[in-house]
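Below is one structure, written out as structure tokens; the observations come after it.
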Amino acid sequence: MKLIAICTGLVAPLVYRTASGDIKTEASGIKKQAVSTEQNPIPIELKKLGLEGDEQCNLSVHGGLDKAVYMMPAEHYEFWKARRQEKNLDTDLPWGSLGENLVVEGLDETQVRIGDEFELGEVRLRVTDPREPCHKFAIRMGYGAAPKQMIQQGNCGWYLRVVQTGQLYAGVELKHFANPQGKTVLESFRFKTRKGQMDLL
């Protein structure tokens, strides 16, 4: 298990076309790009509210102490590339395209539990919540059914609280400390989405 990319992004305009053909713009922090990779493992400062150079826009659902960082399994990218190919959309999805901060290898939502902790070098993180897809994820993916597909697939990733701040860089080994009493991220995601607490298109 290791960290293969760190992604950050500032709040920027997200331009999209509505079903009626109107062009709209919303502010969003979903556009991330890799700033530290295994090929170029630049150290990035991680503070209590997130990574240096990263911003969240809607602080009611992203950011804050309990959602300071968003982690995504690298393995999910093949699913989204295939869905975009079905829509004749570009399948070149660089790390950060799903809005995540940390791309990891060797973990998924069935193996990670709420309350689990990860140690990455001098940094320590605690799992707090699954990510819930909103309409901005649909805009980012380029088609309206993307949030529904995330719900069906359960490939949501998870939010983290920063327990120990420090410098973080891609390629570092990830140590997993399990919380046996916690629900898995997938179980928590299924519960939240079944309750209809969603903001979809």
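The cluster map of Ile, Leu, Val, Met, Phe, Trp and Tyr, joined by side-chain heavy atoms under 4.5 Å apart, puts Phe189 and Trp158 in different clusters. In the hydrophobic cluster analysis, where Ile, Leu, Val, Met, Phe, Trp and Tyr join through side-chain heavy atoms closer than 4.5 angstrom, Leu46 is grouped apart from Trp95. When hydrophobic clusters are built by joining Ile, Leu, Val, Met, Phe, Trp and Tyr residues whose side-chain heavy atoms come closer than 4.5 Å, directly or via intermediates, Leu174 is grouped together with Leu102. Residues Val123 and Val103 do not share a hydrophobic cluster, defined by chaining ILVMFWY side chains whose heavy atoms lie under 4.5 Å apart. Ile4 and Tyr169 are members of different hydrophobic clusters when ILVMFWY side chains are connected at heavy-atom separations under 4.5 Å.
The side-chain heavy atoms of Leu3 and Val172, taken from C-beta on, include a pair separated by under 4.5 Å. Residues Phe191 and Pro130 are not in side-chain contact: their nearest non-hydrogen atoms beyond the backbone lie 4.5 Å or more apart. Under the 4.5 Å side-chain criterion, counting only non-hydrogen atoms from C-beta, Leu125 is in contact with Val162. Using a 4.5 Å heavy-atom threshold, the side chains of His135 and Pro147 count as separate. Side-chain contact between Gln33 and Lys31 is absent, with no heavy-atom pair separated by less than 4.5 Å. Looking at heavy atoms from C-beta onward, Pro73 lies in side-chain contact with Glu109 at the 4.5 angstrom threshold. Counting only heavy atoms from C-beta outward, the side chains of Asp54 and Lys32 approach each other to under 4.5 Å. Counting only heavy atoms from C-beta outward, the side chains of Tyr16 and Glu26 approach each other to under 4.5 Å.
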Report task. Apply the test side chain to side chain contact (heavy atoms under 4.5 Å, CB included) to residues Thr110 and Thr184: give CA-CA distance (whole Å), side-chain angles for both, the deciding distance (0.1 Å), then the verdict. Result -> CA-CA 6 Å; Thr110 65; Thr184 67; 5.7 Å; no
Assess the residue pair Tyr143 and Gln149 against the criterion (side chain to side chain donor-acceptor pair (under 3.5 Å)); give the C-alpha distance rounded to whole Å, side-chain angles, the decisive distance to 0.1 Å, and a yes or no.
CA-CA 11 Å; Tyr143 64 102; Gln149 289 176 344; 2.5 Å; yes
Does the side chain to side chain contact (heavy atoms under 4.5 Å, CB included) test come out yes or no for Glu75 and Glu105, once each step is laid out?
CA-CA 7 Å; Glu75 291 80 2; Glu105 194 174 70; 3.8 Å; yes
Q: Test Thr128 against Ile114 for side chain to side chain contact (heavy atoms under 4.5 Å, CB included), laying out the working first.
A: CA-CA 5 Å; Thr128 56; Ile114 305 302; 5.8 Å; no
Checklist entry - Lys175 and Glu117: salt bridge (Lys or Arg N to Asp or Glu O under 4.0 Å), yes or no, with the steps? => result CA-CA 8 Å; Lys175 296 177 182 177; Glu117 293 194 357; over 6 Å; no
For Lys192 and Asp129, what are the C-alpha separation, side-chain angles and deciding distance, and is it a side chain to side chain contact (heavy atoms under 4.5 Å, CB included)? CA-CA 10 Å; Lys192 285 174 178 283; Asp129 268 304; 3.2 Å; yes
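Atom NZ of Lys48 has more than 12 heavy atoms from other residues, nucleotides or ligands within 6.0 Å.
Nearest heavy-atom pair, Ile44 versus Glu52, reported as atom, atom and distance to 0.1 Å: CG2-O, 3.9 Å. Of all the heavy atoms in Ala27 and Cys57, the pair that sits closest is O-SG, 3.5 Å. For the residue pair Gln85 and Thr91, the shortest heavy atom distance occurs at CB-CG2, 3.6 Å. Of all heavy-atom pairs spanning Tyr77 and Leu98, the tightest one is OH-N, 3.5 Å. For the pair Leu14 and Ser28, the tightest heavy-atom approach, listed with the atom from each and the gap, is CD2-CB, 4.0 Å. Heavy atoms only, all atoms of each residue included: Gly157 and Val185 are closest at O-CG1, 3.7 Å.
The closest donor-acceptor contact from the side chain of Arg190 to the backbone of Ile151 lies under 3.5 Å. Using a distance-only test at 3.5 Å, with no hydrogens or angles considered, no donor-acceptor pair links the side chain of Asn101 to the main chain of Val69. With hydrogens and angles disregarded, no donor-acceptor distance shorter than 3.5 Å links the side chain of Arg17 to the backbone of Lys24. With hydrogens and angles disregarded, no donor-acceptor distance shorter than 3.5 Å links the side chain of Asp90 to the backbone of Leu93.
For the atom pair CG (Asn58) and SG (Cys134), the distance works out to 8.0 Å, reported to the nearest 0.5 Å. Rounding to the nearest 0.5 Å places CG of Leu51 at 10.0 Å from OG of Ser36. Distance CD1/Ile6 to OG1/Thr37: 9.5 Å, rounded to 0.5 Å. In this structure, Arg84 CZ and Lys87 NZ are separated by 11.5 Å, a value rounded to the nearest 0.5 Å. The OG1 atom of Thr193 sits 11.5 Å away from atom CE of Met150, with the distance rounded to the nearest 0.5 Å. The structure places OG1 of Thr165 at 9.5 Å from NZ of Lys47, a figure rounded to the nearest 0.5 Å.
Taking the six-membered ring where tryptophan is involved, the planes of His176 and Phe118 are tilted, since the angle between them lies from 30° to 60°.
In this structure, Arg124 forms a cation-pi arrangement with Phe177, its terminal cationic atom sitting closer than 6.0 Å to the ring centre and no more than 45° off the ring axis.
Remark: the Glu100 side chain and the His76 side chain contain no N/O donor-acceptor pair separated by less than 3.5 Å. Side-chain contact annotation: Arg131 with Tyr70, donor-acceptor N/O pair under 3.5 Å present. In this structure, a donor-acceptor pair under 3.5 Å is present between the side chains of His62 and Tyr159.
A salt bridge (charged side-chain N to carboxylate O under 4.0 Å, His left out) check over residues 156-171, counting only residues at least two apart or in different chains, returns the pairs Asp66-Arg161.
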